[in-house]
Colleague: 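Submitted below is the structure of interest, expressed as structure tokens.
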Amino acid sequence: MSFFRPPAGKPELLAPAGSPESLRAAVENGADAVYLGWGSLNARRGAQNFSEEEFAQSLTYCHIRGVRVFLALNILLTDRELPAALETAQIASRLGVDAVLVQDLGLFALLRRVLPDLPLHASTQMSLFTSGGACEVASDGCERVVLARECSGEETAEICRNCPAEIETFIHGALCMCYSGQCAMSAVVGGRSGNRGRCAQPCRLPYGVNEAAKGQRPLSLKDSCMADHLQEMGQMGISCLKIEGRMRRPGYVAAVTDVYARLLKEERGPSSQEREVLERAFSRSGFTDAYWRGKKGTEMLGFRPENVAPAEEVPPRADRRVPVFFSCWVKPELPCQLDARDKDGNCVTVFGPVPEPAGQRALTAEELSARLGKTGGTPYRCERAEVTVSSGLYLSAAAVNGLRRDALDALSAARCAVPPRREYFPPPPLPDTLHSASEPEFTVSVVRADQLSSGLLAFRPARIYVPLEVLAGLSSLPEGESEWCAVLPRVWRDRDEQLLRRWMDKVRSLGVSGLLLGNLGHFSLARGGGWQLYGDYGLNVFNSYSLAYFREKGLKSACLSFELRFAQLRDMEKVLPTEAIVYGRLPLMITENCLIRNSAGCRCDQPNFLSDRTGAAFPLLPAFGHRTEVQNSRCLYLADRPEYRRLGLAYARLRFTAESPETCLQICRAYRDGLPAEGEFTRGLYFRGVE
């Protein structure tokens, strides 16, 4: 159960609250709901966030005023952190939080079991951009899905039509070049994980592409502004419109919330003055709505010079007082009675003293009505006061004031009443069947058909992972003893699924038996086809309960996040056979904007790379749908570190991207023999970890 839903047909306006001051700014300027972080387990750990006491006070403040509160627990969590996250959610539920935003699917599964009545929202960090993905998490009990920012209006409308859950979209604020939840650039390059709420924003720094145009910012997008599309969004059935900005100051929250609240209330587009207000609040070389229009390209790029301070203006506050209706009876020899009602169906009754016989002056209906209407200094506004006063009676002003105060206190308590919610603690145990292996078997992934040399096949990996589109272009599979698995595109759209299904039929006829799934939307594509299903790194498996979640969904193994340390990989309960990447360039980003197409003179059929200020070169691989995958500048190399063999992993993956067929074979032999690396390499995050 949730409080105070907006009227049917009107999307909810959701504003950021990175601090108590920003929360009040959002509420006072027209937000229907706010989202905030409590403690450190949220995706904006650099914001001020809230203490438990501030969180409880904020719930009361918001619920009295008819504003909903959503708690962000939207980061990946280790096994050791899950108990703290559950405790946070339990306390928040008892206090009456309206919903919890979640990224980690292990936490999601636990919350559904231990707090089944607490509404859950799928964070945009879950990387959901298809009807299948949205419906998948909705079928697991998710009330609302926050779509990827890259979805167009047409794509969003399709998901709204197909998904039974509420749909939420971002309407204003920062855009990341990488799909949220799929970015490892800050983690791998700087040790600060965006999946853990510590993103250092390396995408805002200067880069060059293929040594050209150094000093440009090809990864920095303008902020989004959807002020011209609000009516369209409401008509297609979007339930909630979200403003990004928990790291922003209260003045920003106030200004942006005020503009969007007015536009929604008055059902219109922005004026030139309102556009200026949004620009002054914060922008990066202006705004963009290109993704919503289904466009990409360099016109979306923009950055903000470091010496430009955002404006801190605060617009006039909206009247957020709650209309209240009074009914009062003053009769002889009976305690006076006052009923107070609001528009949400709450009604309370309080009683005061028995009125005295009047001396020189009797109480009149007009006088009583006027006194009841004096609600100044409270969150309420008297809309109407109906009074019945018998003649010849007297009631002091103090008695009337006390009666009104008691009624409003009782109404506040009713508006803040927490709905009954079941709790089942302690959490359910993990499955007792474990799949910890004494030593992992090797698997191999390639991106090009020419990397499938006879020497690599003679290495006899347990599985060979090949992109679905590459396999579909083959007339037959090379001979070998390995299991062939098609890698489904990590990003696609509803309109692509017919083509993907044709390719899946084609590769199955060639002898491919497995599918590698990297997104929740893949399950609806793969289910019922008789495939062996394996999980890829895009699923962000970070703890034992995530493994249990995917075990229930039918996976036969799952690749663990490469942001985990070896000790965390080792200690994870292997309720499902596990895999880890032990060689290769780690994938840092997958972008909707094709970095190759955005750069003049670059071609997708040639090697391309991104170069930073240190001279490091990050290979750019074309991805399905004219997208780009950015690879790390150095290869992960662990052949000479036998620790990876003692983690209980069932599989160890050699990930080949830009390597030649000869290099692929050389690496396979090096891992077979445990040879030291040649040239520059990295140990990844397995030893140093991330913040």
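Owing to the predicted nature of the structure, the values given are computational and were not obtained by experimental measurement. Residues take their numbers from the sequence shown, with the count starting at 1.
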Colleague: Taking side chain as C-beta onward, heavy atoms only, is Leu86 less than 4.5 Å from Leu111?
Modeller: yes

Colleague: Strictly by ring pair (Phe, Tyr, Trp, His ring centres under 6.0 Å), give each pair with a member in residues 446-466 just once, sequence neighbours left out.
Modeller: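 Every pair satisfying ring pair (Phe, Tyr, Trp, His ring centres under 6.0 Å) with a residue in residues 446-466: Phe442-Phe459.
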
Colleague: Partners of Glu150 by salt bridge (Lys or Arg N to Asp or Glu O under 4.0 Å), sequence neighbours excluded?
Modeller: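 Listed in chain order: nothing, the list is empty.
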
Colleague: Taking only residues at least two apart or on different chains, which pairs with a member in residues 581-591 satisfy side-chain hydrogen bond (donor to acceptor under 3.5 Å, both in side chains)?
Modeller: Tyr583-Glu659

Colleague: What do the steps show when you test Arg490 against Glu629 for salt bridge (Lys or Arg N to Asp or Glu O under 4.0 Å), and what is the final call?
Modeller: CA-CA 10 Å; Arg490 189 151 49 122; Glu629 190 172 88; 2.7 Å; yes

Colleague: What side-chain donor-acceptor pairs closer than 3.5 Å can you find for residues 512-532, not counting sequence neighbours?
Modeller:
residue	atom	partner	partner atom	Å
Ser513	OG	Glu483	OE2	3.1
Asn519	OD1	Gly521	N	2.7
Asn519	ND2	Ser127	O	2.7
His522	ND1	Gly518	N	2.8
His522	ND1	Asn519	N	3.2
His522	NE2	Pro489	O	2.7
Ser524	OG	Gly521	O	3.2
Arg527	NH1	Glu136	OE1	3.2
Arg527	NH2	Glu136	OE1	3.4
Arg527	NH2	Glu136	OE2	2.6

Colleague: Ignoring hydrogens, what is the shortest heavy-atom contact between Val541 and Ser546? Give both atom names and the distance.
Modeller: CG1-CB, 4.0 Å

Colleague: Among residues at least two apart in sequence or on other chains, which ones pass side chain to side chain donor-acceptor pair (under 3.5 Å) with Asp571?
Modeller: none

Colleague: Heavy atoms, side chains only, cut-off 4.5 Å: are Gln182 and Val491 in contact?
Modeller: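 A side-chain contact is absent here, since even the closest heavy-atom pair is not under 4.5 Å.
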
Colleague: Report the residues that fulfil salt bridge (Lys or Arg N to Asp or Glu O under 4.0 Å) with Glu563, sequence neighbours left out, ordered by chain and then residue number.
Modeller: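 Glu563 satisfies salt bridge (Lys or Arg N to Asp or Glu O under 4.0 Å) with no residue once adjacent residues are dropped.
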
Colleague: If the condition is side chain to side chain donor-acceptor pair (under 3.5 Å), which residues does Thr614 pass it with, not counting sequence neighbours?
Modeller: Asp612

Colleague: Give me the atom names and distance for the closest heavy-atom approach of Val447 to Val470.
Modeller: O-CG2, 3.6 Å

Colleague: Any salt bridge between Glu552 and Arg113, counting N to O under 4.0 Å?
Modeller: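 Here Glu552 pairs with Arg113 in a salt bridge, since their nearest N and O are under 4.0 Å apart.
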
Colleague: Mind checking side chain to side chain donor-acceptor pair (under 3.5 Å) for Ser445 and listing every partner two or more places apart, or none if nothing turns up?
Modeller: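 Side chain to side chain donor-acceptor pair (under 3.5 Å) list for Ser445, sorted by chain: empty.
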
Colleague: Which residue pairs satisfy the ring pair (Phe, Tyr, Trp, His ring centres under 6.0 Å) criterion with at least one member in residues 178-201, sequence neighbours excluded?
Modeller: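 Every pair satisfying ring pair (Phe, Tyr, Trp, His ring centres under 6.0 Å) with a residue in residues 178-201: Phe129-Tyr179.
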
Colleague: Asp140: what forms a side chain to side chain donor-acceptor pair (under 3.5 Å) with it, not counting sequence neighbours?
Modeller: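 Here the qualifying residues are Tyr549, Lys553.
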
Colleague: Going by side-chain hydrogen bond (donor to acceptor under 3.5 Å, both in side chains), name the pairs with one or both residues in residues 434-444, residues two or more places apart or in two chains.
Modeller: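 Checked against side-chain hydrogen bond (donor to acceptor under 3.5 Å, both in side chains) - neighbours excluded - the pairs reaching residues 434-444 are Glu439-Arg645, Thr443-Glu579.
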
Colleague: With a 3.5 Å cut-off and sequence neighbours excluded, list the donor-acceptor pairs that the side chains of residues 661-678 form with protein atoms.
Modeller:
residue	atom	partner	partner atom	Å
Glu662	OE1	Ser660	OG	3.4
Thr663	OG1	Ser660	OG	3.0
Tyr671	OH	Val582	O	2.5
Tyr671	OH	Leu638	N	2.7
Tyr671	OH	Ala639	N	3.4

